[in-house]
Participant: 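Below is one structure. I have some questions about it.
Below, chain A is the first sequence line, B the second, and so on; all start at residue 1.
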Amino acid sequence: MRLRICCPAILSFSSKTQIFALGLPRTLAMDDARALVTSLRSAYTATPTKLKLIDLYVAYAVITAIVQTLFMAVVGSFPFNAFLSGVLSCVGTAVLAVCLRMQVNKANKEFKDLPPERAFADFVLCNLVLHLVIMNFLG
Amino acid sequence: MERSSSKVGNGQASKISASPNDDQGIFRRAKRSIDDLITQARRFRLKTKQQELLIRVSALLLIYVLAFATRLFSVLRYESVIHEFDPYFNYRTTLYLTQKGFYEFWNWFDYESWYPLGRIIGGTLYPGLMVTAALLYWTLRLLSFAVHIRDVCVLTAPFFASNTAMVGYFFGKELKDPGTGLVAAAFLAICPGYISRSVAGSYDNEGVAIFALLLTFYLFVKAVNTGSLAWAVASAFAYFYMVSAWGGYIFIINLLPIYVLVLLVTGRYSLRLYVAYNTLYVLGMLLAMQIRFVGFQHVQSGEHMAAMGVFFLMQVFYLVNWVKSMVEPKLFQAFLKIAVIVTGGAGALALGVGMATGYISPWTGRFYSLLDPTYAKDHIPIIASVSEHQPTAWSSFMFDYHLLLFLFPAGLFFCFRRPTDATIFIMIYGLTSLYFAGVMVRLILVATPAVCLIGAIAVSSTLKNVCGLLREKPVGKVLERQGKDKSKGGSDQSIPFQREACIVVLAGALYLLTSYALHCTWVTSEAYSSPSIVLAARQSNGDRVIFDDFREAYFWLQHNTPPDAKVMSWWDYGYQITAMGNRTVIVDNNTWNNTHIATVGRAMSSYEDEAYEIMRSLDVDYVLVVFGGVTGYSSDDINKFLWMVRIGGGVFPVIKESDYLNNGEYRIDAAAAPKMLECLMYKLCYYRFGEVSTEYGKPPGWDRARGTVIGKKDFELEYLDEAFTTSNWIVRIYKLKPPANRK
């Protein structure tokens with residue numbers, strides 16, 4: 001499935017770069033990108049608030065992980081277990097939040113039998129396990 | 001009286017008329033009481049569901065007891081003793097743990113092995129087995145059972161084998177139905193491939209690790225089937241247990257990404273897969289890094305990179321899928337293009353930089369030799385020398401699996417007919433593990449659960465179909481109903497003699513399964529129940545004779561040498577010497593330092609004076625060799641000698657293998673190579689052997705293990721004294737003489 005979509009996409013990309021080189025308006029690529037962004041934004045505003053909250057949490061966790069990695073790149077990785085526990089706690093909680101989002105989203109047919117309270121309880125339990133291990137690993 | 005007389009008076013007529021009434025009355029009363037009994041008994045009769053539950057539970061109980069009992073042959077024949085070599089190290093560490101506590105155990109530096117280097121035991125072992133046995137010991141002590149830790153260690157493996165059979169039941173139930181589970185549990189309980197490493201006394205990591213492996217896989221498959229975070233967390237803990245128990249956890253951490261990739265490529269992915277894999281990966285990785293021996297390998301070693309790669313791939317994949325659901329197709333194509341290029345580029349860059357800078361270490365030799373079996377023979381002789389690492393012969397497969405080998409393809413067929421997430425998993429597990437089992441004999445153990453499960457699917461599906469056919473109404477009645485009910489497809493294809501054919505199939509299945517059970521029990525009894533620290537043989541008159549030479553030698557060491565004596569022997573015996581002889585050794589089975597082992601190998605293969613210099617530099621006091629010439633024991637040091645030469649020669653080029661061979665042949669008789677007849681190993685094994693008559697009708701100095709007379713009989717030792725030789729000459733201990741100016 002993916003290969004069939006990729007190949008024509010790559011071909012069209014190369015044709016765009018040729019047009020690029022010929023000096024024809026670059027607005028074709030920009031238009032595409034702009035249309036993509038606007039359609040993404042409009043589709044996203046339609047999602048329920050609960051899910052947007054979870055998405056915000058995921059974004060916060062990922063940004064924290066990136067900040068920690070940049071800090072490590074500057075300062076060095078000496079207590080490596082401390083660095084790993086910091087980054088993995090962010091990544092771990094982001095992943096668990098994504099799982100929660102999938103389970104709570106009413107649009108997903110697979111999880112329609114799962115009550116959202118149970119999903120949230122599982123999320124809390126897994127986070128508890130994650131952070132207990134992190135605290136042991138921090139050293 | 002009157003009645004009787006009246007009866008008599010009536011004579012024949014009354015008899016004829018009264019007794020039938022009486023008989024009928026008795027008969028009626030009897031019938032009524034029987035009916036009463038039956039109606040009373042019917043109240044206790046179970047409904048079908050409850051009957052089925054009773055049968056299942058009793059079958060599982062019997063399987064549990066069977067799995068434990070079939071592993072007890074050596075305990076019944078010899079005694080409750082630890083077998084082999086590696087388990088002695090595990091026993092010694094468990095003893096230390098129970099005596100000194102967990103903190104001391106976790107931070108233990110052992111100065112009694114690898115003299116003068118020592119060994120950081122706390123950081124170089126997998127603690128799962130020891131902690132499990134210690135917990136069992138403390139629990140039993142708490143319940144006031146005054147058991148000895150050695151008995152707990154001996155019986156740990158059979159206990160966990162029973163538990164593995166139970167997990168096999170649940171796994172089979174998850175794959176198909178409870179019937180498959182029961183068959184799988186029964187197969188697992190007695191399969192020789194598993195028994196070989198989990199017999200009572202075999203106190204080794206695999207005894208516990210296979211339980212952890214199957215439990216991890218079962219919980220993961222359950223998590224994929226239900227999509228629940230709770231099951232995923234449970235599988236992460238099972239993975240942690242596996243990592244703490246055995247180095248074979250690499251198999252899990254590589255199999256799971258392969259499974260995920262297969263599901264992604266075939267389009268069978270779902271949100272439940274995301275939940276299951278990612279939770280297991282992140283939590284499992286964190287938990288695994290708590291084991292000091294594993295350390296940071298999950299983020300630094302090349303063997304673990306597949307799991308990380310698939311982790312990132314999954315994030316990208318599901319993100320792309322999410323965007324696809326929100327945006328229209330044309331725009332989505334543009335997004336997909338960008339995503340693929342960015343991800344591909346970033347991934348390739350990261351991998352390239354990691355491998356080039358050496359941050360991501362390449363595959364270690366131990367696991368690389370699985371992918372390229374010829375690698376070890378050329379580059380790492382110490383891995384190639386271990387007998388368990390040799391490729392598997394067909395006879396081994398048949399010996400260890402018997403019927404399951406034929407049921408495996410049949411089971412694969414049934415799995416392919418109706419593939420679900422669970423059956424795809426077991427197929428991948430079975431095929432990959434069977435490939436690795438073909439590369440290395442030791443890994444037959446890892447393939448055993450998969451082969452048992454797939455075989456169980458075959459047996460259970462076949463029996464279910466056959467029994468279903470057997471229960472169908474006969475052909476005549478079916479034709480009557482065909483007018484009303486055309487939808488019953490199976491019945492109008494009934495072959496002639498259907499019932500008879502089904503009964504034949506059932507009888508055949510019964511025969512095959514019985515022969516499997518008999519074979520497994522025979523194999524367990526004959527091949528896998530020897531303690532190898534105690535040898536047994538049959539004399540010509542049929543009497544059994546026991547050779548307890550190893551323990552005799554180790555206890556001699558313990559009682560007759562100074563406590564700080566250092567013993568040099570080949571690395572096979574290191575663990576046993578430390579555990580039972582309680583003396584410091586130079587090298588042992590951990591084989592972590594190849595140069596140190598090569599030094600010992602060089603000493604064993606040099607002339608006596610050179611060897612004396614090497615041994616003095618290592619502070620050796622005693623040398624121990626194992627010799628099978630008198631008893632015919634074939635796993636002795638002379639038969640292992642060429643490996644000593646190869647390993648020594650790998651580090652010290654002065655030792656050349658060709659010096660010890662005559663025309664490429666390894667001999668110890670008169671036609672042996674001259675260096676062979678002068679080297680230390682030859683001298684230590686055959687000292688005074690030229691005077692010994694080992695077999696009737698053969699000249700003195702007849703080596704029963706090699707089947708020839710030895711080449712050089714009369715010689716003296718210049719730098720060593722014979723200290724002790726066991727009663728059957730199996731173990732020989734020599735003491736180094738002090739230098740000439742120190743006497």
Participant: How far apart are the C-alpha atoms of B:Val299 and A:Phe80, what are their side-chain angles, what is the distance that settles it, and do they pass the side chain to side chain contact (heavy atoms under 4.5 Å, CB included) test?
Facilitator: CA-CA 11 Å; B:Val299 291; A:Phe80 193 55; 3.9 Å; yes

Participant: Within the 4.5 Å heavy-atom criterion, are B:Phe240 and A:Val133 side-chain neighbours or not?
Facilitator: no

Participant: Counting heavy atoms not belonging to B:Phe296, are there more than 12 under 6.0 Å from its CZ?
Facilitator: yes

Participant: Between A:Thr47, A:Val98, A:Leu125, which shows the greatest number of heavy-atom pairs under 4.5 Å with chain B?
Facilitator: A:Val98

Participant: Assess whether atom CZ of B:Phe170 is packed by more than 12 heavy atoms of other residues, nucleotides or ligands within 6.0 Å.
Facilitator: no

Participant: Quick check on A:Tyr44: does its OH atom have over 12 non-hydrogen neighbours (other residues, nucleotides or ligands) under 6.0 Å away?
Facilitator: yes

Participant: Would you give the length of the straight line joining atom OG of B:Ser270 to atom NZ of A:Lys109, rounded to the nearest 0.5 angstrom?
Facilitator: 14.5 Å

Participant: Looking at A:Phe71, I want to see if its CZ is surrounded by more than 12 non-hydrogen atoms of other residues, nucleotides or ligands under 6.0 Å.
Facilitator: no

Participant: May I have the step-by-step check of side chain to side chain contact (heavy atoms under 4.5 Å, CB included) for A:Leu130 and B:Leu286, ending in yes or no?
Facilitator: CA-CA 8 Å; A:Leu130 176 74; B:Leu286 265 173; 3.4 Å; yes

Participant: What part of B:Ser228 lies closer than 4.5 angstrom to a heavy atom of chain A: side chain, backbone, both or neither?
Facilitator: both

Participant: Pick one of side chain, backbone, both or neither for B:Leu271, based on which atoms fall under 4.5 Å of a heavy atom in chain A.
Facilitator: both

Participant: I'd like to verify something: which residue of A:Leu100, A:Val129, A:Asp113, A:Leu114 has the highest number of heavy-atom pairs under 4.5 Å with chain B?
Facilitator: A:Val129

Participant: When rounded to the nearest 0.5 angstrom, what distance separates CE in B:Met289 from CG in A:Asn136?
Facilitator: 12.0 Å

Participant: By a 4.5 Å heavy-atom criterion (distance strictly below it), what part of A:Arg101 contacts chain B: side chain, backbone, both, or neither?
Facilitator: side chain

Participant: Between A:Ser39, A:Ala121, A:Ala107, who has the most heavy-atom pairs with chain B when the cutoff is under 4.5 Å?
Facilitator: A:Ser39

Participant: Go through the atoms of B:Tyr277 and report whether side chain, backbone, both or neither lie under 4.5 Å from a heavy atom of chain A.
Facilitator: neither

Participant: Contact part of B:Val275 toward chain A, heavy-atom cut-off under 4.5 Å: side chain, backbone, both or neither?
Facilitator: both

Participant: As an exercise, state the distance from CG of A:Asp55 to CH2 of B:Trp322, rounded to the nearest 0.5 Å.
Facilitator: 5.0 Å

Participant: Please classify the contact of B:Tyr281 with chain A as side chain, backbone, both or neither, using a heavy-atom distance under 4.5 Å.
Facilitator: neither

Participant: Is it the case that atom CZ in B:Phe109 sees more than 12 heavy atoms from other parts of the structure closer than 6.0 Å?
Facilitator: yes

Participant: How far does CG of B:Leu229 sit from SG of A:Cys99, to the nearest 0.5 angstrom?
Facilitator: 5.0 Å

